[in-house]
Asks: 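Structure in structure tokens, see below.
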Amino acid sequence: MLEVGCGNGSTVVPILRCSRNNIVYACDCSKDTLEKANEIVNNTEGLDGKDRFHPFLLDVSKETFPDWLFCKSCQMSNAKAVDLLLDSSEHNTRKEHPVLLKENQCCVGGIDAVTMIFTLSAIPFNLMSITIQRCVSVLKPGGLVLFRDYGLYDMTMLRFSPSQRVGFREYMRADGTFSYFFTLDTMRELFHAAGLLELELEYCCVRSINRKNGKSMQRVWVHGKFQKPTR
């Protein structure tokens with residue numbers, strides 16, 4: 001699996017824990033965050049993630065994935081590979097041969113599933129399409145994209161002031177990062193444009209109570225499962 005925008009590794013830990021056969025490659029744009037995620041995975045009791053967790057530094061909104069995930073040669077040799085929509089001017093220059101590969105391996109052979117958990121909303125809207133296409137580029141045919149992010153009218157959206165609005169359902173946080181709030185139609189358009197098939201797409205509405213102060217929090221998330229065609 002590939003976790004895009006892994007943060008502190010909170011999603012990675014349960015994935016590794018549910019099966020000893022799971023291998024997770026995880027990228028993030030922050031070196032400090034990756035170090036924290038690696039520390040949490042390695043120090044989680046009962047979790048043997050030493051050879052199953054491979055973090056690497058990458059800003060998916062600006063960079064293509066390294067060839068060692070799914071090299072062009074292996075993509076082309078797969079008769080069922082789907083043509084990519086990436087701009088022809090994009091070239092991946094990350095040719096390093098990581099330690100995790102065997103000496104005769106050119107790449108890991110592609111990814112079975114990509115997880116994007118509260119990642120896409122932090123990327124400027126005009127870069128979302130190319131970001132999804134990059135994720136699709138490392139997926140094996142039949143592979144899945146598992147998505148969860150902020151939905152329209154989530155409590156965090158209602159807390160933004162009008163001055164923080166920078167686009168349609170897009171806001172700027174105090175630290176300069178973006179926050180976008182999705183509808184099902186927006187998600188459907190973005191993932192269909194990347195050539196993916198819709199398997200699941202729904203709102204997840206959650207009401208949580210802060211036990212300390214008794215405040216109620218209305219959360220609205222968008223959950224999606226999309227598949228790369230096999231032909």
Side-chain angles (χ1 to χ4, degrees), residues 1-6 11-12 14-16 18-19 21-28 52 54 56 58-92 94 100-101 105-123 125-149 180 182-202 204 221-231:
M1 302 186 74
L2 170 64
E3 169 79 351
V4 178
C6 66
T11 302
V12 172
I15 292 174
L16 292 174
C18 73
S19 173
N21 293 323
N22 287 344
I23 297 174
V24 178
Y25 306 93
C27 68
D28 201 280
R52 299 191 296 127
H54 306 289
F56 60 98
L58 183 135
D59 184 344
V60 69
S61 69
K62 300 176 181 177
E63 304 172 79
T64 57
F65 286 103
D67 283 350
W68 55 260
L69 277 176
F70 201 13
C71 70
K72 302 302 183 198
S73 177
C74 289
Q75 290 182 45
M76 294 302 294
S77 65
N78 191 321
K80 296 180 179 180
V82 178
D83 290 339
L84 302 181
L85 301 177
L86 296 177
D87 190 294
S88 60
S89 64
E90 276 199 1
H91 295 287
N92 193 329
R94 300 165 65 89
L100 60 94
L101 295 182
Q105 268 188 297
C106 57
C107 65
V108 301
I111 299 298
D112 294 305
V114 171
T115 57
M116 303 182 75
I117 311 299
F118 300 104
T119 297
L120 200 60
S121 60
I123 294 172
F125 185 78
N126 65 317
L127 297 178
M128 288 185 187
S129 291
I130 192 65
T131 297
I132 295 172
Q133 290 168 22
R134 287 176 181 137
C135 293
V136 174
S137 73
V138 295
L139 264 183
K140 298 175 184 176
L144 300 174
V145 175
L146 309 175
F147 176 90
R148 177 165 288 187
D149 220 316
Y180 188 90
F182 296 96
T183 64
L184 299 187
D185 286 341
T186 300
M187 291 313 312
R188 185 174 287 116
E189 291 173 5
L190 284 169
F191 283 95
H192 283 187
L196 296 175
L197 306 175
E198 178 184 322
L199 302 183
E200 295 178 14
L201 185 59
E202 60 186 358
C204 297
W221 299 325
V222 173
H223 160 86
K225 181 189 291 186
F226 299 86
Q227 186 175 41
K228 186 173 182 176
T230 56
R231 65 180 64 206

Asks: Should the pair F56 and W68 be assigned to parallel (<30°), tilted (30 to 60°) or perpendicular (>60°) ring geometry?
Replies: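 Perpendicular: the ring planes of F56 and W68 meet at over 60°.
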
Asks: Can you check whether I123's main-chain N or O pairs, donor with acceptor, with S61's side chain at less than 3.5 Å?
Replies: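 Absent.
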
Asks: Would you say the side-chain atoms of Q227 pair up with the backbone N or O of G142, donor to acceptor, closer than 3.5 Å?
Replies: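 Confirmed, Q227 side chain pairs with G142 backbone.
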
Asks: Please report the interatomic distance CD1(I15) to CE(M1), rounded to the nearest 0.5 Å.
Replies: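 That separation rounds to 4.0 Å.
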
Asks: Taking all non-hydrogen atoms of both residues, which atom of G5 and which atom of T119 are closest, and how far apart?
Replies: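 The answer is O-OG1, 3.6 Å.
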
Asks: L58 and P66: which non-hydrogen atoms are nearest, and at how many Å?
Replies: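 Heavy atoms only, the tightest pair is CD1-CD, 3.8 Å.
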
Asks: Rounded to the nearest 0.5 Å, what separates atom CD in Q133 from atom OG1 in T64?
Replies: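 Q133 CD to T64 OG1: 12.5 Å, rounded to 0.5 Å.
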
Asks: Checking ring pair (Phe, Tyr, Trp, His ring centres under 6.0 Å) against F182, which of F125, W221, F147 comes through?
Replies: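 Result: among F125, W221, F147, F147 is the only option passing the ring pair (Phe, Tyr, Trp, His ring centres under 6.0 Å) with F182.
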
Asks: Rounded to the nearest 0.5 Å, what's the gap from OG on S137 to NZ on K228? Could you check?
Replies: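 It comes to 7.0 Å.
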
Asks: Over 60° means perpendicular and under 30° means parallel, so tell me whether F226 and F191 are parallel, tilted or perpendicular.
Replies: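 If you compare the ring of F226 with that of F191, the planes turn out parallel.
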
Asks: Under the 3.5 angstrom rule, does the side chain of Q75 hit a backbone N or O of F70 as a donor-acceptor pair?
Replies: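 Side chain of Q75 to backbone of F70, a donor-acceptor pair under 3.5 Å: yes, one is there.
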
Asks: Checking the side chain of T131 only, and the main-chain atoms of L127 only, is there a donor and an acceptor separated by less than 3.5 Å?
Replies: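 Side chain of T131 to backbone of L127, a donor-acceptor pair under 3.5 Å: yes, one is there.
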
Asks: What distance do D149 atom CG and M128 atom CE have between them, rounded to the nearest 0.5 Å?
Replies: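 Nearest 0.5 Å value for the CG-CE distance: 7.5 Å.
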
Asks: Do the non-hydrogen side-chain atoms of C27 and V4 ever get within less than 4.5 Å of each other?
Replies: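 The answer is yes; the side chains approach within 4.5 Å.
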
Asks: How far does NZ of K62 sit from CZ of R134, to the nearest 0.5 angstrom?
Replies: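 That separation rounds to 11.0 Å.
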
Asks: Under a 4.5 Å cut-off applied to non-hydrogen side-chain atoms, are S129 and L190 in contact?
Replies: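 Sidechains of L190 and S129: in contact.
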
Asks: Does some side-chain heavy atom of L101 sit less than 4.5 Å from a side-chain heavy atom of V108?
Replies: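 The answer is yes; the side chains approach within 4.5 Å.
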
Asks: Are the side chains of K140 and D112 in touch, meaning some heavy atoms are under 4.5 Å apart?
Replies: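 Yes, at least one pair of side-chain atoms sits under 4.5 Å.
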
Asks: Should T183 and V222 count as side-chain neighbours, where that means a heavy-atom distance under 4.5 Å?
Replies: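 A side-chain contact is absent here, since even the closest heavy-atom pair is not under 4.5 Å.
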
Asks: Decide yes or no for C106 and C74: does some side-chain heavy atom of the first lie under 4.5 Å from some side-chain heavy atom of the second?
Replies: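 Sidechains of C74 and C106: in contact.
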
Asks: For I117 and L146, which heavy atoms make the closest approach, and how far apart are they?
Replies: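 Reported closest heavy-atom pair: CD1-O, 4.2 Å.
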
Asks: Which pair of non-hydrogen atoms, one from V60 and one from C135, has the smallest distance, and what is that distance?
Replies: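 Heavy atoms of V60 and C135 come nearest at CG2-SG, 4.4 Å.
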
Asks: Quick check for you: to the nearest 0.5 Å, what is the distance between R148 atom CZ and K225 atom NZ?
Replies: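 Reported value, rounded in 0.5 Å steps: 11.5 Å.
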
Asks: Heavy atoms only: give me the nearest C6-D28 pair and the separation to one decimal.
Replies: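 So the two residues come closest at N-OD2, 3.4 Å.
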
Asks: Would you say P229 and L197 make side-chain contact, with heavy atoms under 4.5 Å?
Replies: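 P229 vs L197: side chains touch.
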
Asks: Contact between I132 and V145 at the side-chain level, heavy atoms closer than 4.5 Å - yes or no?
Replies: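 Side chain of I132 against side chain of V145, heavy atoms only: no contact under 4.5 Å found.
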
